[in-house]
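Note that these values count all heavy atoms, side chains included, but never hydrogens, waters or copies made by symmetry. Convention: sequence-line order gives letters A, B, ...; per-chain numbering from 1.
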Amino acid sequence: MSMSVIVAAASEGSTGEQFTFWTCAILSVIGALGLVLSRKTVHSALFTALTMLNLAVLYIANDAPFLGLVQVIVYTGAVMMLFLFVLMLVGVDSSDSLIETLKGQRLIAVLLLAGFAVLLILTLGTALTGTQSVGLVAANEEFGGNVQGLAHLMFTTYLLPLEVVAALLITAALGALVLAHRDRWTPKLDQEALSRLRMERYAETGAHPGPLPNPGVLATSNAIGTPALLPDGSPSELSVPPPLRGESRSRLAAETTEIDADVTEVREIAEGKETMRPKALRDVDGHTDLAEVYPEEKGD
Amino acid sequence: MPELSDFGNDPFWLVCLKTLGVFVILVVLVLFTIWAERRVVARMQMRIGPNRTGPFGLLQSLMDGFKLALKEEIIPVTAHRAVYWLAPLLSAITAFAAFAVIPFGPEVSIFGVITPLQLTDFPQSVLYVLAVASIGIYGLVLAGWSSGSTYPLLGGLRSSAQMISYEISMGLSFVAVFLYAGSMSTSQIVSSQQSLWFAVLLAPSFVIYVTAMVGETNRAPFDLPEAESELVGGFHTEYSSLKFAMFFLAEYINMVTVSSIATTLFLGGWMAPWPLSLIPGINSGWLPMLWWLAKTMLFIYLFIWLRGTLPRLRYDQFMAFGWRVLIPVSLLWIVLVSGLRAIREEMGDTSNTMLAVGAIILAVLLGLLLLATMRRTRVREPDIVEPTGPLSPQAGTFPVPPLPGQTFEYTPRSRQPVAGATTSGSQEEPDA
């Protein structure tokens with residue numbers, strides 16, 4: 001292959017290059033739009049990750065493999081993952097509220113956008129017209145490789161900015177730690193102290209100190225809200241998990257009568273007084289009427 | 001030894017062939033690893049393990065795979081469909097993709113084309129493995145989130161926290177290797193270990209890597225994301241059939257991947273171990289694949305051994321170990337290694353001075369360690385009050401049997417004490 005062919009191929013872009021560019025460009029724009037337009041915050045985060053990945057591929061395709069890989073490791077792998085982490089912790093299904101809490105944020109956003117656009121245009125303009133480009137291949141070869149070249153620049157020309165940015169990042173991390181930190185004023189309750197507390201509470205109020213009884217598993221239902229039955233046949237409210245207790249308190253009596261009815265029914269079936277067809281269905285797809293479940297027997 | 005310029009020249013059919021080869025090697029290794037794990041753990045627990053299907057039960061995992069793929073698939077109603085589909089794919093694809101830069105051997109001739117036994121390589125290929133692994137974490141986290149259920153969510157969160165934490169120490173353990181190899185490409189790191197393995201030269205890095213790789217693959221004793229006793233099955237609780245099989249596959253491929261990374265970076269890759277390496281010509285042709293396989297299997301055996309031996313860590317202990325021990329130690333080690341390299345490059349060979357300085361540093365460290373242990377032995381005396389006197393069952397405590405030296409006050413209901421029911425024989429016997 002002669003030199004002129006290579007130059008021609010590079011200026012027009014080979015088929016592979018074209019394919020990579022158009023695929024990644026379209027995908028990253030889709031990701032950027034998805035970030036803004038998604039209702040769910042987790043979807044937004046995923047679209048951001050998509051954009052980051054495609055940008056990384058573009059960096060690699062443009063002879064900057066180190067930048068591309070570090071972008072994936074640091075931004076996609078760590079920063080975006082922490083975002084996801086927080087979003088998931090905050091709420092599995094929390095959608096953004098549409099009420100604006102920051103006053104005048106749109107105006108500020110537009111101003112900032114204008115400032116950013118000016119900076120971007122100026123920088124791009126200087127880079128495109130003012131700077132003489134040697135090309136990445138030549139720049140990479142100067143110090144024997146992409147990583148070596150970057151390291152050389154970082155630790156000579158740009159040493160001070162690098163250190164300043166590092167100090168800034170560390171300050172931000174420490175600031176976050178300090179803001180999130182809360183001093184403990186009382187000693188931490190260990191296992192021993194907790195058990196003592198339980199015993200004291202038992203002595204004072206008679207609160208049960210041991211583990212609570214398991215929920216009951218009965219003929220009609222094995223749901224966690226089903227109360228266990230005490231030896232005298234009365235339902236034990238302690239066996240129901242606290243969130244279900246209030247509701248179940250009113251249902252306890254009803255449940256017991258239903259259970260009694262079921263037991264009688266089963267007994268009758270066993271004694272041959274009754275056929276196996278249910279008299280009433282409580283839970284078949286929300287139907288309570290037998291005729292709805294067995295429509296062909298409507299005429300009976 | 002293959003050079004970096006030897007890569008990227010393969011014809012298209014050879015690239016396809018190599019890709020297929022990597023795929024087949026991985027799948028077979030996974031099937032073998034599952035079988036080996038069950039057999040070895042069984043032997044450690046005085047059982048036999050699967051021995052019915054095929055010779056020595058070797059076909060057991062293949063049959064299990066078929067069964068798993070044909071099982072009924074249940075998708076929870078609360079699942080977020082698109083993400084639920086995406087998660088296992090992400091996990092499995094990234095697991096396979098990471099293997100593209102693992103060197104299996106030197107240059108060989110495949111149908112007349114001289115080519116290295118490695119799919120591809122480039123100057124930053126170890127970073128590529130880290131990048132692909134960090135995308136793989138998305139599979140786990142998204143699986144946990146999209147299931148729309150609590151246990152998977154907790155498992156997914158745990159796995160993301162765990163893998164990010166341990167990826168840091170993993171990445172730091174690579175730094176010393178990069179410094180000594182002068183390259184981030186897997187094939188060049190292997191070539192630079194011709195005289196001495198980095199596991200010997202950079203032993204602390206090796207230890208840190210081996211610890212981090214167990215954390216990174218969610219294996220026992222660091223298998224907190226799928227702690228059965230706390231989280232049912234972890235992030236894949238709501239997955240079934242082929243989608244679960246994908247996660248299963250990905251987990252075992254990741255095991256093979258981190259094992260072969262350890263082999264490549266620290267144990268000389270495909271090069272024969274020391275006494276064998278003296279035989280001329282042993283490191284050429286197809287034979288080195290055998291050494292690669294043996295070393296990788298050694299690490300896989302280590303995984304199985306750990307699982308058969310160690311109980312699971314508590315979550316806070318595990319995170320504290322990662323952040324307070326592994327990362328600071330790695331950072332210190334990197335500073336030490338780069339300091340030594342810098343001194344050697346600036347001042348030439350100063351072995352004797354360095355040895356002396358090293359001895360002084362070691363002595364100081366030992367002194368500090370001794371001080372720390374002495375301080376730790378000054379334990380606060382526990383203020384145990386020996387209970388004496390009569391014990392009333394209702395006096396501020398839950399009814400418990402009396403301690404030695406205590407007497408028991410009987411409630412009116414229990415007229416007759418049961419013989420031998422109390423440890424103390426000194427109490428007054430109530431009248432019958």
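- Proximity to chain B is limited to the side chain of A:Leu84, based on heavy atoms less than 4.5 angstrom apart.
- Heavy-atom distances place both the backbone and the side chain of B:Ala161 under 4.5 Å from chain A.
- At a 4.5 Å heavy-atom cutoff, the contact between B:Ile164 and chain A is made by side-chain atoms alone.
- In this structure the side chain of B:Val83 reaches within 4.5 angstrom of the side chain of A:His43, judged on heavy atoms.
- Residue B:Ile135 touches chain A through its side chain alone, counting heavy-atom pairs closer than 4.5 Å.
- Enclosure of atom CD in A:Gln191 is not indicated, since only 12 or fewer non-hydrogen atoms of other residues, nucleotides or ligands lie within 6.0 angstrom.
- Within 6.0 Å of atom OH in B:Tyr315, more than 12 heavy atoms from other residues, nucleotides or ligands are found, so the atom counts as buried in its surroundings.
- Checking side-chain atoms of B:Tyr138 against main-chain N and O of A:Gly77 turns up no donor-acceptor pair under 3.5 Å.
- Atoms OG and CD, on B:Ser183 and A:Gln148 in that order, are 8.0 Å from each other to the nearest 0.5 Å.
- Distance check, rounded to the nearest 0.5 Å: CG of A:Asn146 to CZ of B:Phe122 gives 11.5 Å.
- For the set A:Leu69, A:Leu82, A:Ile60, the count of heavy-atom pairs under 4.5 angstrom toward chain B peaks at A:Leu69.
- The environment of B:Trp85 atom CH2 is sparse: at most 12 non-hydrogen atoms of other residues, nucleotides or ligands sit within 6.0 angstrom.
- Residues A:Val72 and B:Leu127 fail the side-chain proximity criterion, which asks for heavy atoms closer than 4.5 Å.
- When heavy atoms are compared at a cutoff of 4.5 Å, B:Val132 does not approach chain A at all.
- The two residues A:Met81 and B:Ile137 make their nearest non-hydrogen contact at CE-CG2, 3.6 Å.
- More than 12 heavy atoms of other residues, nucleotides or ligands sit less than 6.0 Å from atom OH of B:Tyr180.
- Only the side chain of A:Leu46 comes within contact range of chain B, with heavy atoms under 4.5 Å apart.
- Sparse packing is recorded around CZ of A:Phe83, with 12 or fewer heavy atoms of other residues, nucleotides or ligands lying under 6.0 Å away.
- With a 4.5 Å cut-off on non-hydrogen atoms, B:Met184 touches chain A through its side chain but not through its backbone.
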